[in-house]
Amino acid sequence: MTAIPEFEFRTSSACKYNQNDPRCVEVATNVPGKVAVRSSVNGGTVEFSAEEWNDFLSGAKLGEFDVAA
């Protein structure tokens with residue numbers, strides 16, 4: 001039986017981790033075909049397919065999710 005790999009999360013270098021306000025998003029891309037994102041506050045995790053994640057990143061780079069001032 002093949003072991004199912006565990007997600008290995010990492011935090012963005014842009015995250016300014018603060019012990020008094022530990023809100024960071026962590027991402028894991030080590031499992032083939034999957035991407036997991038979790039909150040450093042409550043550990044809540046959401047999984048995406050690699051295709052969904054790439055579509056999200058493309059949209060973000062194009063400003064699709066920018067908040068209007």
Side-chain angles (χ1 to χ4, degrees):
M1 179 165 41
T2 304
I4 298 172
E6 292 186 32
F7 289 116
E8 296 173 8
F9 288 94
R10 63 185 188 279
T11 303
S12 168
S13 59
C15 180
K16 305 296 184 220
Y17 189 81
N18 176 339
Q19 291 290 64
N20 298 322
D21 189 17
R23 291 181 281 179
C24 291
V25 173
E26 302 170 328
V27 66
T29 57
N30 65 299
V31 176
K34 294 185 179 183
V35 175
V37 179
R38 76 176 178 191
S39 165
S40 63
V41 175
N42 65 16
T45 302
V46 180
E47 291 184 31
F48 300 93
S49 70
E51 182 179 7
E52 290 170 325
W53 185 249
N54 286 331
D55 288 346
F56 167 74
L57 291 180
S58 293
K61 289 174 184 176
L62 292 172
E64 184 177 331
F65 308 109
D66 290 354
V67 177

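- The CZ atom of Phe9 sits 4.5 Å away from atom OG1 of Thr45, with the distance rounded to the nearest 0.5 Å.
- Hydrophobic clustering, with ILVMFWY side chains joined whenever heavy atoms are under 4.5 angstrom apart, groups Phe56 together with Val27.
- Shortest non-hydrogen contact noted between Glu8 and Asn30 is N-OD1, 2.8 Å.
- Leu57 CG to Glu64 CD: the interatomic distance, rounded to the nearest 0.5 Å, is 11.5 Å.
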When you look at Phe7 and Glu47, which way does the side chain to side chain contact (heavy atoms under 4.5 Å, CB included) test go after all the steps?
CA-CA 10 Å; Phe7 289 116; Glu47 291 184 31; 3.6 Å; yes

